[in-house]
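Since the model is a prediction, treat every value here as computed from it, not as a measurement.
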Amino acid sequence: MITVVRHWTGVEVRALRDARRMSIVDFAAHLGVDPRLISKWEAGGTAVRPRPVNQAALDTSLVRLTVEERTRFAEFVGPEALSECRDTDVPEVPTQIRHPADGKLMTWIPSGIYLAGPQDEPAWVDGYYIDIFPTTNADFARFVVATGHAPPRHWENGHPPTEIADHPVVWVTWDDAQAYARWALKRLPSDQQWEKAARGTRGNTWPWGPQPTPAKCNVRGSGPGATTPVDRYKSGVSPYGVYDMCGNVWEWLDSQTTSNRYQLKGSAFTSPFNRAVPSEFNDAHCTMLDDDTGFRCITTTLII
């Protein structure tokens, strides 16, 4: 849960700026807007309604107030101006489907703006479905049987050990992940598609909110030192109900950085907690494979 103002007006904008004790110029730079826009909002009072992208930036700024700043804000506008809610564009029960090709559960991520990257820059992403869980050993085994694709090196006699069937598949290259995605009539997510599914629209630092909580994910120091079942960390799901967006395994993406190199996100059980921030950058050569690297898929087209 995160604290947001349901509808920002010039009054709340001024209160937020005063709570942060910023000048108009500094506050405009903080939000990434023109200083004249701040002056216009504040002069408009209760008649002002900033655009959704600016509302999202204001909400993110509010979420990141210190306790002292939050107290000042509440004194300026009254506690009734604050409300506890999740992202307003996320339905109460996210639209979920079971993909007809590989049978995996997917959830809908609606079209819209989210705050992207370390600097929370507004970015538009069209709607898509994303796998709720990373691709598991059991999922990949069905692909291997159907296509004759080479199994990962840690499987026994071409089959995954029963005890890790519901763990994310590892020891897969980018090409392996792409081959599965083609077979499943899906594709790998872009960096922005993956990040939006992890953070929601309001710039959450972590899938579960602004608080760093290593116990909510499988990373070095708080996890068991190996992969875990993909549905284990229920308290660490994203605003869209997507699991393992921090920790367990790195996930291959479709975003190319240089020749034959592609981004990965999410960190792994081998990673320190600070590497699990969804906005963090990482990439690797497409032939790289390791015991902490897997993937999940997205689709924009459903075949019923």
Side-chain angles (χ1 to χ4, degrees), residues 1-2 60 63 86-87 89-90 94 96 104-110 112 114-118 120 123 125 127-136 139 166-170 177 181 186-220 222-223 227-255 262-283 292-299:
M1 304 294 280
I2 58 176
T60 298
V63 167
R86 295 185 75 84
D87 296 274
D89 64 346
V90 180
Q96 295 184 3
K104 287 185 66 65
L105 280 173
M106 307 187 81
T107 192
W108 177 249
I109 311 298
Y114 85 105
L115 300 181
D120 290 336
V125 179
Y128 57 98
Y129 284 95
I130 190 167
D131 290 338
I132 292 176
F133 304 106
T135 304
T136 65
D139 298 326
D166 60 351
H167 289 220
V169 67
V170 294
K186 300 178 180 178
R187 64 176 186 266
L188 299 180
S190 70
D191 58 334
Q192 290 192 340
Q193 288 169 331
W194 193 99
E195 187 183 352
K196 182 177 180 181
R199 300 179 67 191
T201 60
R202 300 189 183 280
N204 283 355
T205 303
W206 310 96
W208 54 84
Q211 296 301 321
T213 314
K216 292 181 180 288
C217 57
N218 180 14
V219 291
R220 189 202 310 167
S222 63
T227 59
T228 50
V230 294
D231 62 351
R232 175 169 175 173
Y233 290 89
K234 295 176 174 59
S235 65
V237 300
S238 80
Y240 298 102
V242 183
Y243 282 67
D244 275 0
M245 301 304 265
C246 285
N248 217 0
V249 296
W250 288 101
E251 298 184 14
W252 283 113
L253 304 179
D254 197 37
S255 297
Y262 291 85
Q263 287 195 49
L264 305 104
K265 278 191 177 293
S267 81
F269 69 90
T270 55
S271 308
F273 181 60
N274 65 337
R275 290 287 281 150
V277 177
S279 61
E280 278 282 308
F281 173 83
N282 189 20
D283 73 344
D292 65 354
T293 305
F295 67 97
R296 78 178 74 215
C297 298
I298 65 106
T299 185

Checklist entry - Taking R199 as the fixed residue, which of S279, P207, S238, P239 is the one that meets the side-chain contact (heavy atoms from CB on, under 4.5 Å) rule? => result S279

Item to check | Smallest separation among heavy atoms of N248 and P229, with atom names | outcome: ND2-O, 4.2 Å

Checklist entry - Got a sec, which residues hit ring pair (Phe, Tyr, Trp, His ring centres under 6.0 Å) with Y243, two or more places apart in sequence or on another chain? => result F133

Item to check | Residues in salt bridge (charged side-chain N to carboxylate O under 4.0 Å, His left out) contact with D283, at least two apart in sequence or another chain | outcome: R261

Next on the checklist: So which atom in V249 and which in T227 form the shortest heavy-atom distance, rounded to 0.1 Å?
Outcome noted: CG1-CG2, 3.9 Å

Checklist entry - Got a sec, which residues hit ring pair (Phe, Tyr, Trp, His ring centres under 6.0 Å) with Y114, two or more places apart in sequence or on another chain? => result none

Checklist entry - Taking only residues two or more places apart in sequence, or in another chain, which ones meet F273 in a ring pair (Phe, Tyr, Trp, His ring centres under 6.0 Å)? => result W206

Checklist entry - If you measure from the Lys or Arg side-chain nitrogens to the Asp or Glu carboxylate oxygens, is any gap between K186 and D131 under 4.0 Å? => result yes

Checklist entry - Who passes salt bridge (charged side-chain N to carboxylate O under 4.0 Å, His left out) against K104, sequence neighbours left out? => result D139

Item to check | Minimum-distance pair of heavy atoms, taken over all atoms of Y128 and W194 | outcome: OH-N, 4.5 Å

Item to check | Any side-chain heavy-atom pair of H167 and R232 under 4.5 Å | outcome: no

Next on the checklist: Considering only residues two or more places apart or on different chains, which pairs with a residue in residues 262-278 satisfy salt bridge (charged side-chain N to carboxylate O under 4.0 Å, His left out)?
Outcome noted: R275-E280

Checklist entry - Is it the case that T270 and D292 place a side-chain donor and acceptor less than 3.5 Å from each other? => result yes

Next on the checklist: Is the shortest side-chain heavy-atom distance between T293 and W252 below 4.5 Å?
Outcome noted: yes

Item to check | Side-chain (T213) to main-chain (K216) donor-acceptor, under 3.5 angstrom | outcome: no

Checklist entry - Quick one: are L188 and R296 in side-chain contact, heavy atoms under 4.5 Å? => result no

Next on the checklist: Give me the atom names and distance for the closest heavy-atom approach of T228 to P168.
Outcome noted: O-CD, 3.3 Å

